[in-house]
Asks: 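Handing you this structure, nothing more for now.
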Amino acid sequence: MKHLITILFIGIFSLSINAQEKVAKIEFKETTVDYGTIEKGADGVRTFVFTNTGDAPLIISKVNSSCGCTVPKKPEGPIMPGETGEIQVKYDTNRVMPIRKTITVLSNAETPTVALKIKGEVINPDKTSVLEKRKKSVMEK
């Protein structure tokens with residue numbers, strides 16, 4: 001009886017080890033997207049491209065942004081091993097300010113949490129600098 005239990009235990013243990021070998025791995029082409037300097041109202045959609053370099057299907061469960069001005073869109077289905085996928089990010093370019101936002105990706109990958117970043121600056125071309133408007137100094141007026 002002891003031999004049967006020992007053999008059964010070893011068999012279950014070896015199956016659990018084999019099941020753990022297959023894992024999804026997410027590898028991004030770039031983890032930071034630089035918008036550069038863009039004008040107010042410009043197209044704010046950018047894309048993060050990734051590949052499943054593991055040997056199990058990759059399932060992205062959640063994609064969050066650090067602010068409501070950035071809306072990420074995750075892939076709907078699983079990404080099979082060797083396939084590529086995209087996470088689309090739309091920034092509200094009606095906000096004139098520097099862009100420094102983080103997008104958090106949660107998945108079943110070997111590294112379950114990945115932080116992506118967007119950066120840049122939105123400017124308003126209609127407004128000129130305070131220094132450019134001033135033709136005369138305060139003393140001359």
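The chain is numbered in sequence order, starting from 1.
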Asks: Please round to the nearest 0.5 Å and tell me the distance separating atom CD1 of Ile26 and atom CZ of Phe50.
Replies: 5.0 Å
Asks: Take atom CD in Glu30; do more than 12 heavy atoms of anything else shown fall under 6.0 Å from it?
Replies: no
Asks: CD1/Ile79 to CD/Glu86 distance, rounded to the nearest 0.5 angstrom?
Replies: 9.5 Å
Asks: How about Ser107 and Leu58: do any of their side-chain heavy atoms sit closer than 4.5 Å?
Replies: yes
Asks: In Å and rounded to the nearest 0.5 Å, what is the CD1 to SG distance from Ile99 to Cys69?
Replies: 8.5 Å
Asks: Could you tell me which non-hydrogen atom of Thr102 sits nearest to which non-hydrogen atom of Lys117, and how far apart they are?
Replies: OG1-NZ, 3.5 Å
Asks: Determine whether a donor-acceptor pair (N or O, by modelled atom type, separation under 3.5 Å) exists between the side chain of Thr111 and the backbone of Thr113.
Replies: no
Asks: On the 0 to 90° scale, with breaks at 30° and 60°, tag the Phe28-Phe48 ring pair as parallel, tilted or perpendicular.
Replies: perpendicular
Asks: Could you tell me whether the side chain of Val89 reaches within less than 4.5 Å of the side chain of Ser65, counting heavy atoms only?
Replies: no
Asks: I need the Lys101 NZ to Asp92 CG distance, nearest 0.5 Å.
Replies: 10.5 Å
Asks: Any side-chain to backbone donor/acceptor pair from Asn108 onto Ile59? Under 3.5 Å, distance only.
Replies: yes
Asks: Rounded to the nearest 0.5 Å, what separation is found between the NZ atom of Lys90 and the CZ atom of Arg46?
Replies: 11.5 Å
Asks: Measuring only between side-chain heavy atoms, which start at C-beta, is Ile103 closer than 4.5 Å to Thr70?
Replies: yes
Asks: Mark yes or no for whether Asn52, through its side chain, and Ala24, through its backbone, hold a donor-acceptor pair below 3.5 Å.
Replies: no
Asks: Could you tell me the separation between the OG1 atom of Thr47 and the NZ atom of Lys73, rounded to the nearest 0.5 Å?
Replies: 10.0 Å
Asks: Is it true that a side-chain atom of Thr51 and a backbone atom of Thr53 form a donor plus acceptor pair closer than 3.5 Å?
Replies: no
Asks: Using residues 32-43 as the side-chain source, report each donor-acceptor pair under 3.5 Å to any protein atom, sequence neighbours left out, with the distance given to one decimal.
Replies:
| unit_1 | atom_1 | unit_2 | atom_2 | d |
| --- | --- | --- | --- | --- |
| Asp34 | OD1 | Gly36 | N | 2.8 |
| Tyr35 | OH | Gly44 | O | 2.7 |
| Asp43 | OD1 | Val45 | N | 3.2 |

Asks: Check whether more than 12 heavy atoms from other residues, nucleotides or ligands sit under 6.0 Å from atom CD of Glu27, and answer yes or no.
Replies: no
Asks: Begin from the C-alpha positions of Leu106 and Ile60 and carry the test side chain to side chain contact (heavy atoms under 4.5 Å, CB included) through to its verdict.
Replies: CA-CA 6 Å; Leu106 301 173; Ile60 296 180; over 6 Å; no
Asks: Check whether Val71 and Met97 end up in the same hydrophobic cluster, where Ile, Leu, Val, Met, Phe, Trp and Tyr are linked by side-chain heavy atoms less than 4.5 Å apart.
Replies: no
